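What you see is a predicted model; the values in this text were computed from it and never measured.
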Amino acid sequence: MRARRKAGAAVATCALLAGGSMAVAGGLAEETPAQAPASDKGAEKSTAPVALYDGGLAAGWNDIGWAPRELPRGAPARMRLFNYGGWILYRPKLEGTFGALSLRFSAPESYGEFLEVRLDAQGAVSFPRIPVTADLQVRKDGEWTEVLIPMEQLNPRGEVFDRVVLRASKDVGRDWVLFDKVALVPLPPDVAAALAAGGGRTGRGSGRETSMTIDCTAPGHRISPLIYGIAMDGLREKKDQHQFKMGATTRRWGGNPTSRYNWKLGGAWNTANDWFYQNVDIGLSYTDFLDANTKHGMQSALTVPLLGWVAKDTSSVGFPVSRFGQQKGEDRDAGNGLTRDGTPLKPLPPSQTSTEAPPEFVAEWVRAIRARDKARGGERSVHMYILDNEPMLWNSTHRDVFPEPLGYDGLMSRTIAYGSVVRKEDPDALIAGPAEWGWTNFMWSAADFAAGKSPHSDRRAHGDLPLLAWYLRQLRDHEKKTGVRILDVLDVHFYPQSNVGVGLEGNTDPDTNARRIRSTRALWDPSYKDESWIGEPVRLLPRLKEWIAQNYPGRRISIGEYNFGAFGHMSGGLAQAEALGRFAQEDLYSAYFWQYPTNGSPVFWAFRAFRDFDGRGGHFQDYWVPAKAQEGTSVFASRDESGKKLVAVLLNFDPDQAAQARVELKGCGTLEGARVLGYSGAPGGFLEQTPGTKTAGTLTQRLPPYSMTVLDLTVKKP
């Protein structure tokens, strides 16, 4: 992890007016931002529900319209809506801020979907006509139907209005239609929270038609369970229990401070340039981490230091203010190593904060781990050792002890020296590296950009090979020469460079949201030109596979860190769900989200879409089934070993429009049962949905805007 990754302010999800609520009269006609801080004064202006009709007209409201009607005292209003009849409830100088219109109605079943609702006002203002379809119905109570229509649909531009119009959208019979409990209301908290997260929209009608195919006749593969990994957060390890309830299968001990973790001192490491180069005690040892993983049935990936220096205590600082004077950033006596004008200070000797950590230091650690395993019954506690963290950034991240940029040869000599002792002490372990941070150091070394040197001179001196390709080739040659296999897993980090944020950070305007979701294409799509300074196709996983095939066949691939930002927004959740689906598609060995999502966030539920969508262990199955979807949607499919159970995750990336997805099951067997669960931002997560129309080989399902939908299917094999 690099210093740039610091969590921002938490996303507020409780503003009742979020997502298109409307203020009326008095110059208040403006749309509330979809994601407002909890202190937003607009939320304080929210009014209590305003009744229009409840067993009679409410005070101040007038009854006008063109449908024959009766308004008996203490009873529902009765309308005959033949010949496109309508009813208008009108109140001059209406004031207030509302989230939705709610009402109850009762009509003959033969009318079908016939009702249309809109707002109105004097003058030339035009409001959308909203058909009352099944997706706006929140409850059926005998013959009565309860409806909730968000203001984002009725009044998307936040115009002033003073009347509500209920009318027939088609010619119906002369039977009575009853209306009652018509009110302008704040949104229910769960709906408001969903809208604040960018979801919760129902969209109009059945949605645009889109086709999807799940092809059981095409070759598939077994999915590695380790793609659902997360990282430890040392500061919150003993506070956040939800990290163990999201279905993660493995955790990584990693990040900048682990490059200088002193296992002999328990919880001692140096915070590096993330936080003023301080030695600290995080109150957590590696054994605590391993034991927690074992307790929760998770595997462990452990970063071991190659840097050569680890924290000597829990109190020293790299650039003490008492010695260097005032600095640009300070935390008591710890400075950030920059003068007030931003000039880097020359660091003190590494012994200021650190003690040497040669390969034998790591060998002792691995011996201690294996001895502990044997004493506890022999079960392995570390599944994979990772050879340090982002070494080509050491001269920035850890410049107090490693100020010179690392080159090709320096990386290789350390990899062989430290990797060899890990292999000797734990012959059956998996070893991963080089844990590089991103595109620049997939291609070049830090020395390629050293001041005073010709650009890319280090790469040119090494056959002009990209760093990772050269790294693989050298380790292949080392194994051929010595018989010692250093590397099992090629490990890299992936962060979109297109300014979409990390963690809770990241803008959630429409352009950024769309770019955040598109940025996942850099993982797999050869046609996607990266929308950043990279400016060319990254196609990360196909590229890594090619490098492995050409230079060291048989290596697996891990993404040791990744993140798409905006934890609290549906765009972040959809990007995460898309990434997990692509990891399964591309046969990735392991992946570790940095660090883990906030509880109940869209990113949290993206994990649950694959790992526990129903709260009872329902999950994506073990075998990948090829599937495809039209632009704007995705489908990821899986099956169990018998082929009788299929689980698919369907994504709709459109923030405003629903999709009517026709899912074809090609060669999968006869569809016998379908359970559907959906999520679009509400805090409660996935809820059971009514399955759509199904035939022996298809299911047609409505996908709300900005939504994740899980199909839990049973089929009879052909």
Side-chain angles (χ1 to χ4, degrees), residues 254 258-261 263 301-310 350 356-370 382-395 398 401-402 404-437 441-448 458-459 461-493 544 547-548 550-558 560 589:
T258 59
S259 293
R260 291 162 73 178
Y261 175 67
W263 65 274
L302 188 75
T303 297
V304 296
L306 275 63
L307 181 67
W309 297 94
V310 296
E356 289 189 79
E360 179 56 27
F361 176 85
V362 170
E364 287 183 59
W365 191 10
V366 178
R367 281 199 298 272
I369 291 170
R370 294 303 289 143
V382 176
H383 170 71
M384 183 165 69
Y385 296 95
I386 304 173
L387 301 179
D388 217 291
N389 182 77
E390 302 178 343
M392 292 301 162
L393 294 178
W394 285 346
N395 62 305
H398 300 282
V401 296
F402 201 96
E404 296 301 319
L406 187 66
Y408 278 54
D409 293 334
L411 173 64
M412 186 51 54
S413 63
R414 290 168 182 271
T415 297
I416 291 174
Y418 286 83
S420 295
V421 300
V422 174
R423 179 64 70 209
K424 179 181 178 182
E425 301 299 337
D426 193 351
D428 298 324
L430 291 179
I431 302 177
E436 273 305 342
W437 75 267
N441 294 131
F442 300 164
M443 299 293 183
W444 301 277
S445 72
D448 275 314
D458 193 28
R459 172 167 162 165
H462 293 83
D464 203 24
L465 287 173
L467 176 64
L468 291 186
W470 181 87
Y471 176 85
L472 289 164
R473 185 172 297 185
Q474 291 296 305
L475 292 175
R476 178 201 65 188
D477 292 347
H478 177 80
E479 181 178 358
K480 286 182 177 180
K481 181 178 179 180
T482 66
V484 178
R485 186 182 73 257
I486 299 295
L487 190 75
D488 301 288
V489 181
L490 180 62
D491 179 47
V492 300
H493 299 174
L544 296 180
W547 281 342
I548 288 171
Q550 294 164 4
N551 298 287
Y552 200 179
R555 300 319 91 191
R556 308 175 202 184
I557 297 173
S558 177
Y589 177 66

- Message: Holding to ring-ring contact (aromatic ring centres under 6.0 Å, His included), I want the full list of residues that pass it with His478, two or more places apart in sequence or in another chain.
- Response: none
- Is a side-chain donor or acceptor of Arg555 paired with a backbone partner of Pro553 at a separation under 3.5 angstrom? yes
- Message: Strictly distance-based, threshold 3.5 Å: is any side-chain N or O of Tyr261 a donor or acceptor partner for the main-chain N or O of Val310?
- Response: no
- Is there a donor-acceptor contact under 3.5 Å from the side chain of Asn441 to the main chain of Leu393? no
- Item | Test item: Arg556 side-chain N/O and Tyr589 main-chain N/O as donor-acceptor pair under 3.5 Å | no
- Item | With sequence neighbours excluded, residues passing side-chain contact (heavy atoms from CB on, under 4.5 Å) with Ala446 | Met392, Asn395, Pro405
- Spacing of Ile416 atom CD1 and Leu487 atom CG [to the nearest 0.5 Å]: 11.0 Å
- Message: I'd like to know if the side chain of Arg459 reaches the main chain of Asp448, judged simply by a donor and an acceptor atom lying under 3.5 Å from each other, with no hydrogens or angles considered.
- Response: no
- Task: Determine whether the side chains of Ser259 and Asp388 contain a donor N or O and an acceptor N or O closer than 3.5 Å.
- Result: yes
- Message: With no hydrogens and no angle check, just 3.5 Å: does a side-chain donor-acceptor pair link Asn389 and Thr258?
- Response: no
- Message: Under a plain distance cut-off of 3.5 Å, with no hydrogens placed, do Tyr552 and Glu479 share a side-chain donor-acceptor pair?
- Response: yes
- Task: Output yes when a side-chain donor or acceptor of Trp263 lies under 3.5 Å from a complementary backbone atom of Val362, and no otherwise.
- Result: no
- Among residues two or more places apart or on two chains, list those pairs meeting side-chain hydrogen bond (donor to acceptor under 3.5 Å, both in side chains) that have a residue in residues 417-432. Arg367-Glu425, Arg380-Asp426, Tyr385-Asp426, Arg423-Asp488
